[in-house]
Amino acid sequence: MKKLLLIILFLISNLAIAEDIPTLATHVNKTPNWQNDNAEIVYVGTRCSGVLDAVIWRFGDDTRPEMANNKVMAKQMGDTFLFSSAAIAEKINFSKEGYTKEYKYWMEFYMAEAKDNLKKNNNIFEGLLGSDFNTCKENIGFYQSLL
């Protein structure tokens with residue numbers, strides 16, 4: 001059942017366009033028990049992995065010495081979301097191929113948004129990416145506790 005829910009969430013995410021994708025905050029608020037549902041934990045964690053990939057990409061281009069700590073922090077956060085959600089996905093028998101597809105989808109989605117935000121606003125933390133980054137930061141402790 002949970003595997004089916006995750007597959008359905010993946011298919012919906014692939015059919016949606018950017019304007020139709022709710023923020024993670026909206027999704028989490030509409031699903032108050034999401035932290036008790038393995039499929040939801042994987043969904044939120046996988047989206048956060050994609051968000052952090054975009055942040056890592058942006059920080060990777062910044063050569064200022066004071067950005068070194070931000071790069072390390074973003075990498076650690078991204079790894080936390082990726083490893084914890086992948087472990088839960090494996091636990092609920094979600095296929096590695098399915099998980100990889102979902103992860104790549106969100107990574108490409110947020111990377112495109114980051115590049116677009118950078119062009120338009122000279123700041124990646126706008127719109128959905130900015131909102132979702134804040135939601136991910138708020139929930140990093142939960143994902144750390146899963147490792």
Side-chain angles (χ1 to χ4, degrees), residues 3-32 34-35 37-90 92 94-144 146-147:
K3 183 177 176 184
L4 179 61
L5 176 61
L6 197 55
I7 291 169
I8 290 170
L9 287 171
F10 175 71
L11 292 174
I12 290 170
S13 68
N14 279 330
L15 296 174
I17 57 173
E19 293 80 26
D20 292 340
I21 296 174
T23 65
L24 269 176
T26 299
H27 181 81
V28 166
N29 289 335
K30 286 184 178 179
T31 318
W34 72 271
Q35 292 178 336
D37 182 329
N38 286 337
E40 287 292 332
I41 293 169
V42 172
Y43 176 76
V44 172
T46 306
R47 276 186 70 171
C48 285
S49 295
V51 167
L52 269 297
D53 279 342
V55 172
I56 292 165
W57 163 79
R58 178 61 182 129
F59 287 169
D61 287 347
D62 196 326
T63 58
R64 295 176 294 169
E66 62 269 20
M67 291 302 290
N69 286 339
N70 289 340
K71 291 177 191 179
V72 169
M73 176 201 67
K75 175 78 169 103
Q76 289 173 339
M77 285 178 68
D79 286 349
T80 297
F81 286 115
L82 182 65
F83 295 137
S84 58
S85 60
I88 298 291
E90 185 175 339
I92 61 173
F94 192 56
S95 73
K96 288 182 183 184
E97 296 81 19
Y99 181 80
T100 301
K101 268 184 162 179
E102 174 112 354
Y103 168 70
K104 284 183 178 181
Y105 171 80
W106 288 115
M107 177 184 66
E108 291 169 2
F109 175 85
Y110 286 113
M111 287 292 291
E113 180 152 328
K115 289 175 183 177
D116 190 49
N117 285 346
L118 197 56
K119 262 188 206 174
K120 290 179 181 174
N121 308 303
N122 198 31
N123 178 5
I124 68 166
F125 297 104
E126 297 288 332
L128 187 64
L129 190 142
S131 172
D132 288 358
F133 177 70
N134 288 329
T135 301
C136 294
K137 284 192 321 185
E138 291 168 6
N139 288 288
I140 188 69
F142 171 74
Y143 284 88
Q144 288 170 329
L146 297 175
L147 295 175

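In this chain, residues are counted from 1 in sequence order. All values below were derived from every heavy atom in this structure, side-chain atoms included, with hydrogens, water molecules and symmetry-related copies excluded.
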Is the number of heavy atoms from other residues, nucleotides or ligands within 6.0 Å of CD (Q144) greater than 12?
-> yes
All heavy atoms of A74 vs all of V55, minimum pair found to be CB-CG1, 3.9 Å
When every non-hydrogen atom of A89 is compared with those of V42, the smallest separation belongs to N-CG2, 3.5 Å
Interatomic distance, OG1@T46 vs CE@M107, rounded to 0.5 Å, equals 12.0 Å
Separation between CE (M77) and CZ (F81), nearest 0.5 Å, reads 5.0 Å
**Request:** Under the side-chain contact (heavy atoms from CB on, under 4.5 Å) rule, what do Y43 and T31 come out as? Steps first, then yes or no, please.
**Result:** CA-CA 12 Å; Y43 176 76; T31 318; over 6 Å; no
Rounded to the nearest 0.5 angstrom, the CG-OG1 distance for L147 and T80 is 5.5 Å
Among side-chain atoms of Y103 and S85, is any donor-acceptor pair under 3.5 angstrom? no
Residue pairs passing the salt bridge (charged side-chain N to carboxylate O under 4.0 Å, His left out) test with at least one member in residues 67-88, sequence neighbours excluded, are K75-D79
Sorted by chain and number, sequence neighbours left out, side-chain hydrogen bond (donor to acceptor under 3.5 Å, both in side chains) with E126 holds for N123
Exercise. Given side chains that start at C-beta, do those of Y143 and V44 come closer than 4.5 Å, heavy atoms only?
Worked result: yes
Heavy-atom nearest pair, Y105 first then I21, reads OH-CD1, 3.8 Å
The side-chain hydrogen bond (donor to acceptor under 3.5 Å, both in side chains) partners of T26 (sequence neighbours excluded) come to T23
Interatomic distance, CD1@I56 vs OG@S49, rounded to 0.5 Å, equals 9.0 Å
Shortest non-hydrogen pair, F94 vs Y99, comes out as CE2-N, 3.2 Å
For a quick test of your reading: what N or O donor-acceptor pairs under 3.5 Å do the side chains of residues 127-134 make, sequence neighbours left out?
unit_1, atom_1, unit_2, atom_2, d
D132, OD1, L24, N, 2.7
D132, OD2, R47, NH2, 2.7
D132, OD2, Y110, OH, 2.4
N134, ND2, G130, O, 3.4

Residues pairing under salt bridge (charged side-chain N to carboxylate O under 4.0 Å, His left out) where one sits in residues 115-124, two or more places apart or in two chains, turn out to be D116-K120
Residues at least two apart in sequence or cross-chain that pass ring-ring contact (aromatic ring centres under 6.0 Å, His included) with W57, listed by chain then number, are none
- Message: As a quick check of understanding, evaluate side-chain contact (heavy atoms from CB on, under 4.5 Å) for L146 and I41, giving each step before the final call.
- Response: CA-CA 10 Å; L146 297 175; I41 293 169; 3.8 Å; yes
